[in-house]
There are 2 protein chains.
Amino acid sequence: MQQLRSYFSKLTKLTDKEWADYADCLVKESYPKKSFLLEEGGACDFIAFVEEGVFRFYHEVEGEEKITAFFFSGDFVTNYRSFLTGGPSEHYIQVLQDATIYKISKKDLHELYNKHRSIERLGRLIAENLYLMVAKRLDAFHSSSPEERYYELVNRNSKLLQEIPQYMIASYLGIKPETLSRIRARK
Amino acid sequence: MQQLRSYFSKLTKLTDKEWADYADCLVKESYPKKSFLLEEGGACDFIAFVEEGVFRFYHEVEGEEKITAFFFSGDFVTNYRSFLTGGPSEHYIQVLQDATIYKISKKDLHELYNKHRSIERLGRLIAENLYLMVAKRLDAFHSSSPEERYYELVNRNSKLLQEIPQYMIASYLGIKPETLSRIRARK
DNA sequence: ATCATTTATTGACTTTGGTCAACGAAAAGT
DNA sequence: ACTTTTCGTTGACCAAAGTCAATAAATGAT
């Protein structure tokens, strides 16, 4: 949980009182491998901080699983779209490695936004950071070939490569497992 | 400018005083067709609201222009990445139709964030909305074929189709002009 | 109105990724 | 340890998008 506070403090100053109020809203939960943190159709009424474990965020398109993101220790795990809009999730969040998370509910977070300016500022900064992440990924899809996206991933996130089976990486890159296998084979 | 206030009021309540302070920071500017609002290498230190006109947001990759977005009347126009990070822009923002905008500087906006809670809240809500837009677009690239993306665009944004030359739409969709022409030809 | 430039279409061919199937390796369950 | 799935690789073939080039249509400039 100290990990979370230090992440926050990189974004903005929080007083001990503000942090204490935030921490009071956090609920620790554990999930075994293969279980679901969120299923299609449910609204995502929380944001969680990953203490330990790995998750995948995916949806089904014509019987095929399309993986949009992986979440690791130190990341936020949520369906941010569903969280923001209140609409039902089209995505699943599934546990790939036994996980422990700290959840905060949408309701509690909004009360904190009203109670503490710094926490609302944190909300802004987190939204801005999530924007930057997804905008970068869109850029990669828009301007790079599958092969380029793969090597980009190799360079930036070799940890991901080791922990995630190859057919899931293929899905994340937007290609078929056979194609990824061939990209790797061509030297 | 009334258009901007009414947009804001859909997001959160602003008092007359808060709006007046915001409006005081807005600078009206006009740009002729083909001019640049932002060029590669410059930092984007503003967000602007489009009163009138059309813009394209693009970058050059191996001598080719890749268009990421178009901005119309009622949209915000900025390189949000560069605005947030302070880093140099990799993108150009060019005027496609003579434009009038209201600019607010990063410096003024941050002062307003400090001065008025509601304006900081607005900042959060705008970041959240921009996240939703780009996440949706990433999804389209991840899960849909060029043909599907094209018809999605036809349904959602036929205005864009009429105002933007086809080769720019192709770039926006991540395909070559010839390919878009063929997609349209196959009824 | 004419001419020049830009944009859109079409054809022939290439390249790249997808599909289907087979096979071996690795992992999981008993 | 053995069996059963699951996963990764490879081959043959297919489909879709890219490339290059020619031409037609639309747009802009004078």
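Protein chains get the first letters and strands the later ones, always in sequence-line order, with residue 1 at the start of each.
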Measure up the B:Tyr58 and B:Tyr92 rings against each other and bin them: parallel (under 30°), tilted (30 to 60°), perpendicular (over 60°).
parallel
Is the distance from OP1 or OP2 of C:dG18 to the nearest side-chain N or O of A:Thr179 less than 4.0 Å?
yes
Establish, for the pair A:Arg56 and A:Tyr172, whether the NZ or CZ atom is under 6.0 angstrom from the six-membered ring centre and no further than 45 degrees off its axis.
no
Side chain of B:Arg184, base of C:dT10: donor and acceptor closer than 3.5 Å?
no
In whole angstroms, how far is the P atom of D:dG8 from the NZ atom of A:Lys176?
15 Å
Between P of D:dA17 and CD of B:Glu64, the distance in whole Å
16 Å
Check if the side chain of A:Arg182 and the base of D:dG8 share a donor-acceptor pair of N or O atoms closer than 3.5 Å.
no
Quick check: are there more than 12 heavy atoms from other residues, nucleotides or ligands sitting under 6.0 Å from CD of A:Glu52?
no
Taking the side chain of A:Glu178 as its heavy atoms from C-beta onward, which of C:dA21, D:dG18, C:dT10 lies nearest to it?
C:dA21
Side chain of B:Ala185 (C-beta onward), nearest among C:dT10, D:dG8, C:dT7:
C:dT10
So, is B:Arg186 close to the D:dA17 phosphate, meaning a side-chain N or O under 4.0 Å from OP1 or OP2?
yes
I want to confirm an ordering. Mapping B:Ser145 and B:Lys33 to their closest nucleotides on DNA chain D, which one lands closer to the 5' end?
B:Ser145
Any side-chain N or O of A:Gln166 below 4.0 angstrom from OP1/OP2 of D:dT9?
yes
Paired with A:Phe72, the side chain to side chain contact (heavy atoms under 4.5 Å, CB included) test is passed by just one of A:Val50, A:Val77, A:Val54, namely A:Val54
If you look at every strand shown and take non-hydrogen atoms under 4.0 Å, does A:Pro177 touch a base, only sugar-phosphate, or nothing?
nothing
